[in-house]
Amino acid sequence: MDRVSLRATARIVADADGGLPLLVSDGPLALRRTRAAGPYTRVTVVGAMSAPLGGDRLAIETEVRDGARLLVDSAAATLALPGRSTDPAAYDVRISVGDEGELRWLPEQLVSAAGSHLRMRTTVDLAPTARLVLREEQVLGRHGEPPGTLVTRLTVRRAGRALLDQELAFGPGASGGWDGGAVLGGHRATGQLLVVDPAFAEKPVESRLYGENAVVSPLAGPAALATAVAPDALALRRLLDEVLVALVPF
Amino acid sequence: MSRSALLVLADGRFPAGGHAHSGGAEAAVRAGRIQDAAGLESFCRGRLHTTGLTSAALAAGAAHGLDPYELDAAADARTPSPALRAAARRLGRQLMRAARATWPSPELDALAAAFPRGAHQPVVLGTAARTAGLGPEDAAHCVAYETVGGPATAAVRLLSLDPYQATAVLARLAPEMDQVAERAAAAARQGVDALPAASAPLLDLTAEQHAAWPVRLFAS
């Protein structure tokens, strides 16, 4: 890839009346308002060019105001590629959801191509009555290729308190043992589906196994997390789709 | 610091109930992910750099004197598996009983009163280390060692693995245990917000599977 590294921050603000007072694309992060199937405002991230490359610093900031319902998805997988710079690429997703607000954050997979190095950080701040469905999928390498280095951190706070904090690190730049029997055990795709709903405080989700490769667990707050591993992206999505249908009551 | 106090706390004979837990090794053996010393080594290495680092930093934080309530909440957020949260609190409760008898202190009494069902084990361990006159690095070393020592001992029982080979695995991991303990202690000095959250998908997944087995040799 022959271009200099870049900085870009895209912004989304959603209002309760269905409007998007702010919808700002930047560089490779092109945002489009698209037609929604449900009672949501829908925004699709359209990857206008290959990114992130080594050295890039990308960010998406999303504010879901009180009472707003927003769905964010993407048109294609995010592909981390090596760049001219040997520095890691950074991709920051910062999300806040206000009271009675609801966000479905359902992007396509994050694919770590050979030789790439990406550090992705997702930070979510939820108001006490906010609801969230958030999916993350990490795919190690394109078909038949060894992975790059991928570090993802997901931090979710609810009413200012930590609800979930999880970091995953894979590939040649990660600490040893990431492909061993404790972490991935040879799987090349892993994913998380987080559902936060204040209603879970009354009726917590029960732990449930989905075959050998996925589990849904109640967190220590009103939330449930699905953890899945799979040989590839397709098998992973199949598992998480099954969970999504069973787990999301709203 | 007292090197001998560290040996007392880190000793597998310290009556804190750790021997009943395999650290995920029982599930990994059943799934065929640990079959020999090499499989044990890569399992232990992965556990060390993920939940080992995270737990070591929690213990170092408690030894450093960070707020144990905040540390316990941070531990909950870093433990999505309810089976592992339950195991951590059960182990914390057992360790608390042993620690209060060994190093009586108002700090341990207060922690025990605040968490009658048990605080997360690393938080208790760090507080016990502090009471014993040990520092954050000591507490972190202790956790790093038990992170790999537990699965190694369990693998000897589950696979009839040669104990010499299992011990050689631990010795080979020693430099990485030192690195993890140093990273953990350095992070803990920067406060709760700087604590690592390294995690392992298979450990979270298989802990729930293991908890559903009707018969098992180890509690986790």
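Note that the coordinates shown come from a computational prediction; the quantities given were computed from them, not determined experimentally. Proteins come first, then strands; the chains are lettered A, B, ... in the order of their sequence lines, and each starts at number 1.
In this structure, chain A has a heavy atom under 4.5 Å from the side chain of B:R85, while its backbone stays farther away. Only the side chain of A:L209 comes within contact range of chain B, with heavy atoms under 4.5 Å apart. Residue A:A214 touches chain B through its backbone alone, counting heavy-atom pairs closer than 4.5 Å. The contact between A:T227 and chain B is made by backbone and side chain atoms together, counting heavy-atom distances below 4.5 Å. Using a 4.5 Å cut-off between heavy atoms, B:I34 makes no contact with chain A at all. Residue contact with chain B, scored on non-hydrogen atoms closer than 4.5 Å, is absent for A:A169. With a 4.5 Å cut-off on non-hydrogen atoms, B:L40 does not touch chain A at all.
The side-chain tip of A:R208 points at the ring of A:Y210 from less than 6.0 angstrom away and within 45° of straight on. Cation-pi geometry between B:R30 and B:W213 is met: under 6.0 angstrom from the ring centre, within 45 degrees of the axis.
When each of B:L205, B:L195, B:L203, B:T50 is scored by its heavy-atom pairs under 4.5 Å with chain A, the top score falls to B:L205. For the set B:R33, B:E70, B:E41, B:R45, the entry with the most heavy-atom pairs within less than 4.5 Å of chain A is B:R45. Between chain B and the options A:L225, A:L163, A:V151, A:D179, the largest number of non-hydrogen pairs under 4.5 Å is found for A:L163. The most heavy-atom pairs under 4.5 Å with chain A, out of B:E176, B:Q179, B:R47, B:Q209, come from B:Q209.
Scanning both residues, A:G148 and A:P172, for their nearest heavy atoms gives O-CD, 3.5 Å.
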>> For A:Q192 and A:Q138: C-alpha separation, side-chain torsions, deciding distance, then whether side-chain hydrogen bond (donor to acceptor under 3.5 Å, both in side chains) applies.
In response: CA-CA 9 Å; A:Q192 304 80 39; A:Q138 299 86 26; 3.2 Å; yes
>> side chain to side chain contact (heavy atoms under 4.5 Å, CB included), that's the test. Do A:S175 and B:R183 meet it? Break it down for me.
In response: CA-CA 12 Å; A:S175 297; B:R183 271 185 71 190; 4.1 Å; yes
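Judged by distance alone, the side chains of B:Q121 and B:E146 do bring a donor and an acceptor atom under 3.5 Å apart.
Here the straight-line distance linking atom OG of A:S112 with atom CE of A:M120 works out to 12.5 Å at 0.5 Å rounding.
Between B:D76 and B:R89 a salt bridge is recorded (basic side-chain N to carboxylate O distance below 4.0 Å).
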